**Student:** 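The structure that follows is given in the form of structure tokens.
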Amino acid sequence: MISRQSFVALEHRNFRLIWAGLLVSFTGSMMQNAALLWHVSLLVPPERKGLALGLVGLVRIVPVIVFSMIAGVVADVWDRRKLMLVTQTAAALVALALAGIAFANVRHLWLIYLLAAAGSAVGAFDLPARNALVPTLVPREHLPNAISLNAMMFQMASVVGPSLGGIVIAAAGVGWVYLFNTLSFGCVIAALLMMRGVSGKPVREAHDPEHEVSWRAAMEGLQFVFRAPLIRSTMLLDFIATFFSSATALLPIFAQDILQVGAKGYGWLYAAPAVGAVMMSVAMIPLTSRMRRRGPVLLCAIGGYGLATAVFGVSRWFWLTFFCLAVTGAMDTISMIIRNIVRQLETPDRLRGRMIGVNMVFFQGGPQLGELEAGFVANWLGPVFSVVSGGVGCLIATAWVAATTPALRHYRAESGETATASVKIRSKSPDPV
């Protein structure tokens, strides 16, 4: 049952400000993500669509791989609030440039790829700063609730954004989508400027060393992640599963050529994962503190993600496709919330940016490289085979991780844990959820 306590993190003014600002900004970003794929699909012949759409994932992941480590260090050294002001402004300029290209009817595909890469580079610095700032805006005991609320907010934007994006694309064109996203960043900038009593600097213990932006500091964060078995295994599982089941890049092909539902139908299909994710994120707000068998639940959720992807690949009925995509969103939300609670609670604040920087390679690298793989396979063997084989690959990979990582299979919350408690590994049979 949802009560006022389920939204306790929103009682903190600074968190409430950034939460509301990000809701608008993420809506614009989701509109732009859908518009970018649609834009690319309009500039290439039908036989090259799969490859061209897959390359979007490649140009987005390269900056993440290049900058993620140093971006994590920057978030652990510089003022995180001021860093976000810079990144949000830069992201707005990238969206404005895309709008200019669309309105001018520039048909150079390489230019769209270049701006997509620039936006990804900006995001590589924004994400560690944002995720490391949020835990400082609420007390530790309210952090799990803040994570659940952030998941709900993100998924709400993911529903509204693509759906609204599809309507705007059909009515006015992709340029207006890019322009709306440009304006949406102003909400986050305003929220950051309105915050009170936030230093934005990492909290350090008396014995913690001071750091500068250096390779040595980056390596310290990498060593921390790979010496923490639970964090390491969840990151690996995230990468493997999303690599095999990243079918979003192929949605324009399914909407245009297989289901033949046009731009509006594409917008709804693109939003379908978020529909399931919103419903699940709302359910997870009260359920998170009661969940005991978190390891098995995590593994089952990712297995369900792969199964739903495979069924989506063979579907020829719009509503079955929509349902399967919604299930992938619901399963991914369960996985995401469990992973984020563990990582945030188990990471010292002075290392939080670097942990997020390393994690960014896994959780963004999987989908983006997966989009590239899906595009190549679709171009070679067709979109249906690409999606179905990806779902099967996700199931196999999940089973392999479960079989080789006993700590993850037996991972559970402490007996009697509330949403504010820490987590640990237990080898005995866990309690039921």
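Just so we're clear, the structure is a prediction, and the values are computed from it rather than from any experiment.
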**Student:** Without swapping roles, check the side chain of Tyr266 against the backbone of Ala34 for a donor-acceptor pair under 3.5 Å.
**Tutor:** yes
**Student:** Report yes if the side chains of Leu325 and Leu251 come closer than 4.5 Å at any heavy-atom pair, otherwise no.
**Tutor:** yes
**Student:** Can you list the residues that meet the salt bridge (Lys or Arg N to Asp or Glu O under 4.0 Å) rule with Asp238, with sequence neighbours excluded?
**Tutor:**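 Only Arg339 meet the salt bridge (Lys or Arg N to Asp or Glu O under 4.0 Å) criterion with Asp238.
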**Student:** Any heavy-atom pair between the side chains of Ile334 and Ile302 that's under 4.5 Å?
**Tutor:** no
**Student:** State, without any angle test, whether Asn181 and Ser184 hold a side-chain donor-acceptor pair at a distance under 3.5 Å.
**Tutor:**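 Judged by distance alone, the side chains do pair up.
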**Student:** Compare all side-chain heavy atoms of Val387 with those of Pro383 and state whether any distance is below 4.5 angstrom.
**Tutor:** no
**Student:** Are any non-hydrogen side-chain atoms of Ser386 and Leu250 less than 4.5 angstrom apart?
**Tutor:** yes
**Student:** Would you find a donor on one side and an acceptor on the other, under 3.5 Å apart, between the side chain of Arg409 and the backbone of Pro296?
**Tutor:**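 No, because the side chain of Arg409 does not come within donor-acceptor range (under 3.5 Å) of the backbone of Pro296.
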**Student:** Report the C-alpha separation of Met279 and Thr333 in whole Å, then their side-chain angles, then the decisive distance to 0.1 Å, and conclude whether the side chain to side chain contact (heavy atoms under 4.5 Å, CB included) test is met.
**Tutor:** CA-CA 9 Å; Met279 297 174 65; Thr333 296; over 6 Å; no
**Student:** Write out all pairs satisfying side chain to side chain donor-acceptor pair (under 3.5 Å) with one or both partners inside residues 319-332, taking only residues at least two apart or from two chains.
**Tutor:**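 Residue pairs passing side chain to side chain donor-acceptor pair (under 3.5 Å), neighbours aside: Ser315-Thr321.
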**Student:** Heavy-atom distance under 4.5 Å between the side chains of Tyr113 and Val40, does that happen here?
**Tutor:**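 They are in contact (side-chain heavy atoms under 4.5 Å apart), so the answer is yes.
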**Student:** Met153: what forms a side-chain contact (heavy atoms from CB on, under 4.5 Å) with it, not counting sequence neighbours?
**Tutor:**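 Scan of Met153 (side-chain contact (heavy atoms from CB on, under 4.5 Å), adjacent residues dropped) gives Trp19, Leu22, Leu23, Phe26, Asn150.
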**Student:** Do side-chain atoms of Thr89 reach the backbone of Leu85 as a donor and acceptor pair under 3.5 angstrom?
**Tutor:** yes
**Student:** Do side-chain atoms of Ser163 reach the backbone of Val160 as a donor and acceptor pair under 3.5 angstrom?
**Tutor:** no
**Student:** What heavy-atom pair brings Val8 and Asn145 nearest, and what distance separates the two atoms?
**Tutor:** N-OD1, 3.3 Å
**Student:** Does a side-chain heavy-atom distance below 4.5 Å link Phe312 with Phe254?
**Tutor:**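 Sidechains of Phe254 and Phe312: in contact.
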**Student:** Under the side chain to side chain contact (heavy atoms under 4.5 Å, CB included) criterion, do Phe224 and Ile231 qualify, and how do the steps go?
**Tutor:** CA-CA 9 Å; Phe224 166 77; Ile231 294 177; 4.2 Å; yes
**Student:** So which heavy atom on Gly306 is nearest to which on Leu395, and how close?
**Tutor:** C-CG, 4.3 Å
**Student:** Heavy atoms only: give me the nearest Leu37-Pro252 pair and the separation to one decimal.
**Tutor:**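 In this case the closest contact between Leu37 and Pro252 is CB-CG, 4.3 Å.
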**Student:** side-chain hydrogen bond (donor to acceptor under 3.5 Å, both in side chains) with Thr27: which residues, sequence neighbours excluded?
**Tutor:**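 Result, side-chain hydrogen bond (donor to acceptor under 3.5 Å, both in side chains) vs Thr27: none returned.
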**Student:** Please list all pairs passing the salt bridge (charged side-chain N to carboxylate O under 4.0 Å, His left out) test where one or both residues lie in residues 118-135, with sequence neighbours left out.
**Tutor:** Asp126-Arg130
**Student:** Just by modelled atom types, is the Leu96 backbone N or O under 3.5 Å from a matching donor or acceptor in the Thr182 side chain?
**Tutor:**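 Answer holds: yes.
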**Student:** Are the side chain of Arg16 and the backbone of Leu10 linked by a donor-acceptor contact shorter than 3.5 Å?
**Tutor:** yes
**Student:** Taking the side chain from Arg13 and the backbone from Met195, do they hold a donor-acceptor pair closer than 3.5 Å?
**Tutor:**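 Absent.
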**Student:** At their closest point, which heavy atom of Pro162 faces which heavy atom of Met30, and how far apart are they?
**Tutor:**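 Closest heavy-atom pair between Pro162 and Met30: CD-CB, 3.7 Å.
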**Student:** Counting C-beta onward and ignoring hydrogens, is there a side-chain heavy-atom pair between Ser29 and Phe185 closer than 4.5 Å?
**Tutor:**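 Yes, their side chains come closer than 4.5 Å.
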**Student:** Roughly how far apart are Ile189 CD1 and Gln88 CD, rounded to 0.5 Å?
**Tutor:** 6.5 Å
**Student:** Do His142 and Phe15 have side chains that approach each other closer than 4.5 Å (heavy atoms only, starting at C-beta)?
**Tutor:** no
**Student:** What's the spacing between Ile18 CD1 and Leu133 CG if we round to 0.5 Å?
**Tutor:** 6.5 Å
**Student:** For Cys187 and Val24, which heavy atoms make the closest approach, and how far apart are they?
**Tutor:** SG-CG1, 3.5 Å
**Student:** Can any side-chain N or O of Thr309 pair as donor or acceptor with the backbone N or O of Tyr305 at less than 3.5 Å?
**Tutor:**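 Indeed, once roles are kept as given, a pair shorter than 3.5 Å links the two residues.
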**Student:** Rounded to the nearest 0.5 Å, what's the gap from CG on Leu164 to CD1 on Ile169? Could you check?
**Tutor:** 10.0 Å
**Student:** What closest approach, in Å, do Val64 and Ser120 show between heavy atoms, and which atom pair accounts for it?
**Tutor:**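 For Val64 and Ser120, the tightest heavy-atom pair comes out as CG2-OG, 3.4 Å.
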**Student:** Nearest 0.5 Å, what's the CH2-CG distance between Trp38 and Asn33?
**Tutor:**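 Reported to 0.5 Å precision, the distance equals 15.5 Å.
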**Student:** Looking at CG of Leu192 and CE of Met84, how far apart are the two atoms once the value is rounded to the nearest 0.5 Å?
**Tutor:** 5.0 Å
**Student:** Give the C-alpha distance, both sets of side-chain angles, the deciding distance and a yes or no for side chain to side chain contact (heavy atoms under 4.5 Å, CB included) between His39 and Tyr178.
**Tutor:** CA-CA 11 Å; His39 196 176; Tyr178 297 141; 3.0 Å; yes
**Student:** What residues form a side-chain contact (heavy atoms from CB on, under 4.5 Å) with Val327, not counting sequence neighbours?
**Tutor:**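 Testing Val327 for side-chain contact (heavy atoms from CB on, under 4.5 Å), a comparison that skips the adjacent residues, returns Ala308, Phe323, Met331.
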**Student:** Give, for atom CG of Leu98 and atom CG of Leu179, the distance between the pair rounded to the nearest 0.5 Å.
**Tutor:**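 With rounding to 0.5 Å, CG (Leu98) is 11.5 Å from CG (Leu179).
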